[in-house]
Protein chains: 2
Amino acid sequence: MDQNPTRSASVTVADVARKAGVSKATAARVLGGYGTVSDRVRDAVTAAARALDYQPNELARSMTTGRSGTIGVVVGDIENPFFSLAVRGITDVARQTGFTVVLINSGEDVGTEKAAIRTLLAKRVDGLIVSPAKESDVGHLKEATRSGRPLVLLDRGSEALNVDTVLADDRHAAEGITRRLLALGHRRIAYLTACDTPDHCFRAPDDINTGSVRRRIEGFLGVCREAGLQGMEDWVHVGAVTPEHTHRIVTAMLKSPQRPTAIIASDSVIGLEVFKVGRELGLTIPDDLSLVSFHDADWTSVTTPPVTVVRQPVYRLGETAAKLLVGRLNGTDGEANRVVLRTEVVERASVAAPADSVGASELHREP
Amino acid sequence: MDQNPTRSASVTVADVARKAGVSKATAARVLGGYGTVSDRVRDAVTAAARALDYQPNELARSMTTGRSGTIGVVVGDIENPFFSLAVRGITDVARQTGFTVVLINSGEDVGTEKAAIRTLLAKRVDGLIVSPAKESDVGHLKEATRSGRPLVLLDRGSEALNVDTVLADDRHAAEGITRRLLALGHRRIAYLTACDTPDHCFRAPDDINTGSVRRRIEGFLGVCREAGLQGMEDWVHVGAVTPEHTHRIVTAMLKSPQRPTAIIASDSVIGLEVFKVGRELGLTIPDDLSLVSFHDADWTSVTTPPVTVVRQPVYRLGETAAKLLVGRLNGTDGEANRVVLRTEVVERASVAAPADSVGASELHREP
DNA sequence: AAAGTAAAAGAGACCGGTCTCATATTCGAA
DNA sequence: TTCGAATATGAGACCGGTCTCTTTTACTTT
């Protein structure tokens with residue numbers, strides 16, 4: 001019965017039409033599910049299609065309809081649990097709504113991101129979800145929107161881009177944990193991020209091109225300033241791009257005579273490395289060093305002590321972005337939405353008053 | 001200067017040709033980078049393309065060439081660090097070789113997987129990398145290969161499918177850790193996996209459809225049998241599909257009078273949950289309970305105690321699969337490759353002799 | 001039974017590229 | 001100078017669908 005192996009040359013509507021004894025147009029109507037056809041013909045065509053094992057060619061379909069049924073997603077690094085969870089949110093919505101996801105990693109490099117956008121546009125994705133590497137460099141994104149395809153920004157916004165954006169309230173979260181640390185008496189608080197600057201030094205928030213991180217640093221510095229602490233810019237460290245880099249930076253930091261009494265890690269990959277270095281150097285958390293990490297990664301609840309984190313609704317970040325995009329794709333228009341999802345500080349046990357908190361509380365009384 | 005906003009209707013080769021004053025065919029030659037053209041014409045066309053901001057339509061190109069430049073990837077769950085790391089390996093190779101990745105999560109459900117394959121085939125991906133949910137149910141995969149598009153199996157093989165396959169040597173790894181546990185005196189060793197059976201009970205390895213996991217269980221049971229332990233099938237627990245399920249199963253297991261003295265977790269998500277439950281119940285690892293987990297997730301080195309794991313070369317698993325696929329795409333043919341990558345047991349501190357090791361060694365003397 | 005209308009089917013253009021084949025041009029060798 | 005080969009360009013079919021427009025068929029209506 002199977003002596004007729006499917007030829008590699010694929011079966012087309014024309015083949016089905018011929019077999020069913022109808023015109024190509026009619027067969028296409030049945031197969032494509034549009035227009036009006038009689039029941040008799042529908043059955044004949046369906047039977048012929050089954051007999052021939054007809055497989056529609058979506059490419060050809062996209063050609064004429066102009067819709068490819070795909071959405072392009074550009075994230076920094078799918079390996080990072082933050083992005084993999086967000087992407088899960090995106091793919092779930094995509095599947096439910098009949099879209100398919102093309103995924104590209106930018107490696108947080110603008111050049112790669114540009115190439116990615118170009119590729120996706122050339123492949124005629126219906127829309128884009130991007131987590132831009134640099135807020136300041138978004139010409140390629142602007143161009144993408146100009147081509148008429150909707151764009152949604154994920155986790156990082158851009159003033160220059162008037163498009164749907166889904167963010168976590170990073171500044172607020174940073175302010176909260178900074179206040180907490182200050183109240184406990186910490187004065188030497190380091191903020192550590194993967195974002196880098198040309199000379200690997202931090203001077204002002206404007207040096208940071210990743211929106212979410214910049215807002216956090218602004219919140220951190222703002223609260224410090226309110227509390228009368230000046231020059232906290234020196235405590236912001238950039239360039240923790242790999243675990244190895246992070247290891248080096250944290251080790252240097254913790255070995256210096258004026259070592260920080262608390263560290264804020266900008267993501268869970270960094271947080272993990274800080275934890276490791278602390279242990280390596282024989283420092284006890286939280287007695288010798290307080291640690292707060294962004295992203296409630298699974299491991300943070302299971303260490304000794306468990307780590308206090310900023311919980312971001314990462315899955316919902318992706319989910320919301322995808323829903324917004326699908327909405328646009330289905331014709332919703334109007335002003336760009338800026339959705340800001342609430343974060344939450346999960347207090348665990350990696351934060352305590354610093355050992356030298358006396359000096360610190362004196363400082364507190366100064367102003 | 002920018003008073004001429006790009007019309008949404010895209011610029012085609014025909015438009016460029018007209019502007020450059022050449023035929024469509026010639027313009028296409030320049031733009032497509034094929035055939036021979038004079039320098040003068042090339043410059044003219046290039047200039048016209050730039051002036052018009054021509055963006056090639058890959059869809060149309062794929063239409064005629066039959067190659068879409070995309071590879072379809074179907075994994076269980078991108079949120080699982082195992083898959084996100086493997087996918088990272090795949091996407092890296094894809095980018096380097098000029099391919100783009102379409103990602104679909106199967107949720108380990110064969111129905112979803114089938115739909116995914118159909119979608120990807122309809123979108124005319126050039127090739128597929130799949131981590132099949134069930135080894136026994138691969139008709140749809142067979143069909144995919146029959147359509148002429150190469151398929152590479154990731155982490156899970158299938159005897160029924162004679163295609164390139166990349167696996168970790170799961171059986172060997174399971175045998176190693178089982179021997180270790182037995183040598184320490186453990187007799188009540190539980191194996192816990194997410195794979196499920198219709199009635200949520202395990203009787204024999206054939207109940208397990210996920211190849212990698214079945215091989216591990218076979219290794220586990222085989223070594224136990226060698227050591228004279230019978231009926232260890234009862235110690236294999238299935239259905240740890242979510243952290244909640246896992247929590248319930250592990251709690252029941254550890255509260256039973258005949259509680260296991262050691263648990264082997266089939267992935268890091270399960271391992272984490274076992275760790276949490278152990279702590280909840282006030283059990284000390286490794287004194288009260290030994291724990292070994294598959295997958296060297298980042299958190300495993302940072303707990304107290306750190307967890308002994310089976311390190312799989314996950315990134316290389318994905319990378320190798322992608323390289324194999326790209327090879328096929330570039331015309332390599334010949335017998336199907338079965339690549340088995342070595343795993344490694346990373347000894348940390350979550351394994352020790354059981355508290356009641358005396359009774360255990362007696363048992364050991366029995367046969 | 002004739003006319004009028006709605007439903008069904010067919011013919012063929014079209015989407016935006018590629019590619020074959022025919023024609024025109026250029027160049028070197030005889 | 002002239003011919004032949006090599007190189008450049010043009011015309012148009014083609015990929016596999018969708019979709020408009022026209023013709024044919026079926027069903028009301030009076």
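Quick note on labels: first sequence line is chain A, next is B, and so on, each numbered from 1.
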Q. Is the distance from OP1 or OP2 of dG10(C) to the nearest side-chain N or O of Thr26(A) less than 4.0 Å?
A. yes
Q: Examine distances only and state if a side-chain atom of Asp126(A) and a backbone atom of Gly69(A) form a donor-acceptor pair shorter than 3.5 Å.
A: yes
Q) Thr12(A) side chain: which of dT18(C), dG17(D), dG10(D) is closest? A) dG17(D)
Q: Using side-chain contact (heavy atoms from CB on, under 4.5 Å) as the criterion, point out the one residue from Val74(A), Leu161(A), Val163(A) that pairs with Leu141(A).
A: Leu161(A)
Q) Quick one: Asn57(B) CG to dG17(C) P, roughly how many Å, whole number? A) 5 Å
Q. Among side-chain atoms of Ser131(A) and Asp155(A), is any donor-acceptor pair under 3.5 angstrom?
A. no
Q) Arg156(A) and salt bridge (Lys or Arg N to Asp or Glu O under 4.0 Å): which partner among Glu135(A), Glu108(A), Glu113(A)? A) Glu108(A)
Q) To 10°, what angle do the rotation axes through the five end pairs on each side of the helix from dA1(C)-dT30(D) to dA30(C)-dT1(D) form? A) 40°
Q: Apply side-chain hydrogen bond (donor to acceptor under 3.5 Å, both in side chains) to the pair Arg149(A) and Ser147(A), showing each step before the final yes or no.
A: CA-CA 6 Å; Arg149(A) 264 153 292 188; Ser147(A) 80; 3.2 Å; yes
Q: Ignoring hydrogens and angles, answer whether the base of dG10(D) and the side-chain atoms of Arg29(B) contain a donor-acceptor pair closer than 3.5 Å.
A: yes
Q: Answer yes or no: does atom CZ of Arg316(A) have more than 12 heavy-atom neighbours from other residues, nucleotides or ligands under 6.0 Å?
A: no
Q. Between dG12(C), dG17(C), dT18(D), which nucleotide has the shortest distance from any of its atoms to the side chain of Tyr54(B)?
A. dG17(C)
Considering only nitrogen or oxygen atoms on both sides, find all protein atoms under 3.5 Å from nucleotides 5-8 of chain C and state each distance.
| from | atom 1 | to | atom 2 | distance (Å) |
| --- | --- | --- | --- | --- |
| dA8(C) | OP2 | Thr36(A) | OG1 | 3.3 |

Q) Any Lys/Arg nitrogen of Asp92(A) or Arg95(A) sitting under 4.0 Å from an Asp/Glu carboxylate oxygen of the other? A) yes
Q.
What's the closest nucleotide to the side chain of Met63(A) if the choices are dC19(C), dA9(C), dG16(C)?
A. dG16(C)
Q | Upstream residue (5' side of DNA chain D) when Ala27(B) and Thr64(B) are each assigned their closest nucleotide | A | Ala27(B)
Q: Side chain of Ala25(A) only, please: which of dT18(C), dG12(C), dG10(D) is the nearest?
A: dG12(C)
Q: Would you mind reading off the distance between Arg40(B) atom CZ and dT26(C) atom C1', rounded to a whole angstrom?
A: 12 Å
Q) Side chains of Val125(B) and Ile71(B): closer than 4.5 Å at any heavy-atom pair? A) no
Q: Could you state the atom-to-atom distance from CZ of Arg18(B) to C1' of dT9(D) in whole Å?
A: 18 Å
Q: Starting from P on dG17(D), measure out to CG on Leu31(A) and report it in whole angstrom.
A: 8 Å
Q. Of Arg124(B) and Lys24(B), whose closest DNA chain D nucleotide lies nearer the 5' terminus?
A. Lys24(B)
Q: Report yes or no: does Asp43(B) contribute a side-chain atom to a donor-acceptor pair with the main-chain N or O of Arg40(B) at less than 3.5 Å?
A: no
Q: For the side chain of Tyr34(B), starting at C-beta, report the closest nucleotide among dG16(C), dT18(D), dT18(C).
A: dT18(C)
